[in-house]
Amino acid sequence: MKGIEYKGVNSVDGPIIVVKRSENVFYGEIVAIRDRYGEKRTGRIIDISEEVAIVQVFGTTTGIDLDDSSIEFLESPMELRVGEGLLGRIFNGLGKPIDGYPEIISSKKVNVNGYPINPYARIYPRDFIQTGISSIDGMNTLIRGQKLPIFSGNGLPHNRLAAQIIRQAKILNSDENFVMVFAGMGIKYDVAEFFKNTFEKSGVLSKVVMFQSLADAPSIERIITPRCALTAAEYLAYEKGMHVLVVMTDMTNYCEALREISTTRGEVPGRKGYPGYLYSDLAEIYERAGKIKGSNGSITQIPILTMPNDDISHPIPDLTGYITEGQIVLDRELSQKGMYPPVAGLPSLSRLMKDGIGKGMTREDHKDVSSQLFAAYSKVKSIRNLASIIGEEELSPLDKQYLKFGERFEKEFLSQGEYENRSIEETLTIGWKVLKELPKSELYRISPDYIEKYWTEE
């Protein structure tokens with residue numbers, strides 16, 4: 001009961017304390033704990049039985065004594081204060097300001113766990129978002145309201161790519177508000193500073209809300225961070241009518257924290273030790289994206305996850321791929337060649353791309369050019385494998401043309417500068433240029449009308 005402090009706790013195990021259950025407590029409720037020195041800290045109820053409540057403490061449990069400590073049930077879930085002052089601010093993983101300024105002035109507080117969206121209320125995503133990056137805009141198009149993750153590996157430039165998307169993303173042929181929400185989970189200090197400095201230098205910090213849970217923060221904070229970020233995004237999108245791009249890094253750290261808490265609670269492990277509810281927990285986060293009837297705003301998600309050992313079949317990328325609408329996969333081999341961004345041409349996919357490109361949205365030839373580039377690059381991969389066995393000199397003239405196409409495609413289409421912002425017209429023009437390495441007879445996925453219109457001799 002709020003206002004009443006109960007003396008003593010049953011047990012302390014790492015960040016977990018077990019206390020005697022009071023009446024009317026509920027899962028997810030926030031509690032206040034006073035240690036033997038009178039110092040106050042907060043926690044969240046993560047499990048309940050008939051006799052006890054299990055509390056995860058936000059921070060260390062040092063100083064919490066079994067007999068001299070006390071606990072107060074606050075009768076409210078984890079909440080985030082939202083208002084006009086969110087933009088341009090930096091918060092920790094629990095939504096507390098860490099930029100040297102006071103809390104935002106607002107009396108509105110919202111449950112960070114969110115509310116289920118009625119599927120009937122959703123609007124199908126169709127609006128093209130131009131990121132200025134050819135490998136995404138041309139072949140794995142991002143659509144407003146989509147959730148499109150980046151699958152990366154340790155040491156690959158996923159943070160630089162995410163920062164570039166945040167700097168350059170815009171809704172084509174529109175002057176509507178477009179703001180960013182950034183959530184960092186278990187990130188190192190230098191990564192947090194990189195994003196902050198990048199946003200400041202490019203002048204977009206005033207349009208960004210940042211939530212940072214650093215690597216030394218408690219595991220429970222990493223669980224709360226994406227929920228705080230998405231709560232802020234929902235407020236900006238559905239109450240203020242803004243179009244919000246949410247970037248969350250690193251979802252692998254989030255899942256590791258989930259596994260750690262699950263193990264502490266003694267739950268039966270699933271694949272590779274992750275809890276059996278990993279799928280539904282991730283879905284709870286990813287499904288907080290989209291467009292809703294009656295609101296002008298939208299939420300588009302770009303979660304970033306580093307694949308352990310570059311294994312795309314690992315449970316985290318595997319389950320993420322089931323929930324989201326495609327993926328951008330970064331390739332270590334391309335990165336080692338010095339290419340940026342090292343977006344893999346074939347494993348990457350955007351399932352909503354077909355609904356946001358074409359005449360009136362990007363350009364009439366977009367779908368055909370993209371399909372032809374995919375088909376031709378797939379053939380390049382096969383020919384390279386063949387050449388590694390029989391030698392390049394044994395290849396047919398057409399196969400050699402494909403190899404030249406592959407080199408130009410990687411160097412001119414996939415590769416670009418970190419601060420190079422290409423329009424969709426420039427991207428498609430480059431696509432046509434590299435396709436000229438092939439004879440017209442090989443362009444079987446492009447309409448003859450488009451070949452006649454766009455195949456201009458240099």
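Panel note: side chain N111, backbone P77; no donor-acceptor pair is recorded below 3.5 Å. The backbone N or O of R408 lies less than 3.5 Å from no partner atom in the side chain of K433, so there is not a single donor-acceptor pair. Within the 3.5 Å criterion, the main-chain N or O of Y277 finds a donor-acceptor partner in the side chain of S280. A donor-acceptor pair under 3.5 Å is formed between the side chain of T429 and the backbone N or O of E425. With E426 contributing its side chain and S423 its backbone, the two residues share a donor-acceptor pair below 3.5 Å. Judged purely by atom type and a 3.5 angstrom limit, E325 has no side-chain atom pairing as donor or acceptor with the backbone of Q146. In this structure, T320 contributes its side chain and I316 its backbone to a donor-acceptor pair below 3.5 Å. A distance-only check finds a donor-acceptor pair linking the side chain of Q372 to the backbone of Y444 [under 3.5 Å]. Between the side chain of S202 and the backbone N or O of T198 there is at least one donor-acceptor pair closer than 3.5 Å. Checking side-chain atoms of E260 against main-chain N and O of S219 turns up no donor-acceptor pair under 3.5 Å.
Donor-acceptor pairing under 3.5 Å is recorded for the side chains of Y254 and D281. For the residue pair D137/T427, the side-chain donor-acceptor check at 3.5 Å is not satisfied. With 3.5 Å as the limit, one finds no donor-acceptor pair spanning the side chains of T324 and R351. With 3.5 Å as the limit, one finds a donor-acceptor pair spanning the side chains of Y124 and D355. Using modelled atom types, one finds a donor on one side chain and an acceptor on the other under 3.5 Å when comparing Y454 with E364.
The salt bridge (charged side-chain N to carboxylate O under 4.0 Å, His left out) check on E287 picks up R122, K147, with sequence neighbours excluded. With sequence neighbours excluded, the residues satisfying salt bridge (charged side-chain N to carboxylate O under 4.0 Å, His left out) with R384 are E410. For D311, the salt bridge (charged side-chain N to carboxylate O under 4.0 Å, His left out) criterion is met by no residue, not counting sequence neighbours.
Between F182 and F195, the distance separating the two ring centers is shorter than 6.0 angstrom.
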Before you tell me yes or no, could you show the steps for M185 and I223 under side chain to side chain contact (heavy atoms under 4.5 Å, CB included), namely the whole-Å CA-CA distance, both residues' side-chain angles and the distance that decides it to 0.1 Å? CA-CA 8 Å; M185 293 154 284; I223 303 297; over 6 Å; no

For Y402 and E442, what are the C-alpha separation, side-chain angles and deciding distance, and is it a side chain to side chain donor-acceptor pair (under 3.5 Å)? CA-CA 10 Å; Y402 267 101; E442 289 296 301; 2.5 Å; yes

Verdict with reasoning, E420 to R422, per salt bridge (charged side-chain N to carboxylate O under 4.0 Å, His left out): CA-CA 6 Å; E420 184 181 354; R422 295 177 182 171; 2.9 Å; yes

For the pair L319 and L278, evaluate side chain to side chain contact (heavy atoms under 4.5 Å, CB included) and give the outcome as yes or no after the intermediate values. CA-CA 8 Å; L319 296 178; L278 179 63; 3.7 Å; yes

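Using a 4.5 Å cut-off on side-chain heavy atoms (C-beta onward), L161 and I150 make contact. A 4.5 Å side-chain heavy-atom check between D310 and R332 finds at least one atom pair inside the cut-off. At least one side-chain heavy atom of D365 sits under 4.5 Å from a side-chain heavy atom of W432. Between V181 and M248, every side-chain heavy-atom pair lies at or beyond the 4.5 Å cut-off. Counting only heavy atoms from C-beta outward, the side chains of V204 and M180 never approach each other to under 4.5 Å.
Using a cutoff of 4.0 Å between basic side-chain nitrogens and carboxylate oxygens, D318 and R271 are scored as salt-bridged. A salt bridge links E239 to K108: at least one charged side-chain nitrogen sits closer than 4.0 Å to a carboxylate oxygen.
Pairs engaging residues 296-308 under the side-chain hydrogen bond (donor to acceptor under 3.5 Å, both in side chains) rule: H243-S298, D250-T306 [sequence neighbours left out]. Within the structure, side-chain hydrogen bond (donor to acceptor under 3.5 Å, both in side chains) pairs that include any residue of residues 151-168 comprise S152-H158, R160-E418, Q164-Q168, Q164-Y340 (at least two apart or interchain). Among residues at least two apart or in separate chains, side-chain hydrogen bond (donor to acceptor under 3.5 Å, both in side chains) pairs with a member in residues 93-106 are R81-E103, R89-D99.
Ring planes of F409 and Y377: tilted class, angle from 30 to 60°.
Geometrically, R259 engages Y274 in a cation-pi contact, judged by NZ or CZ lying under 6.0 Å from the ring centre and within 45° of the ring axis. Annotation: cation-pi pair K291/Y238 absent, no NZ/CZ under 6.0 Å from the ring centroid and within 45° of its normal.
Expressed to the nearest 0.5 Å, how far CD1 of I424 lies from CD of Q130 amounts to 6.5 Å. Considering OG1 of T141 and CD1 of I357, their distance stands at 5.5 Å, rounded to 0.5 Å. A distance of 4.0 Å separates CZ in F374 from CE in M139, rounded to the nearest 0.5 Å.
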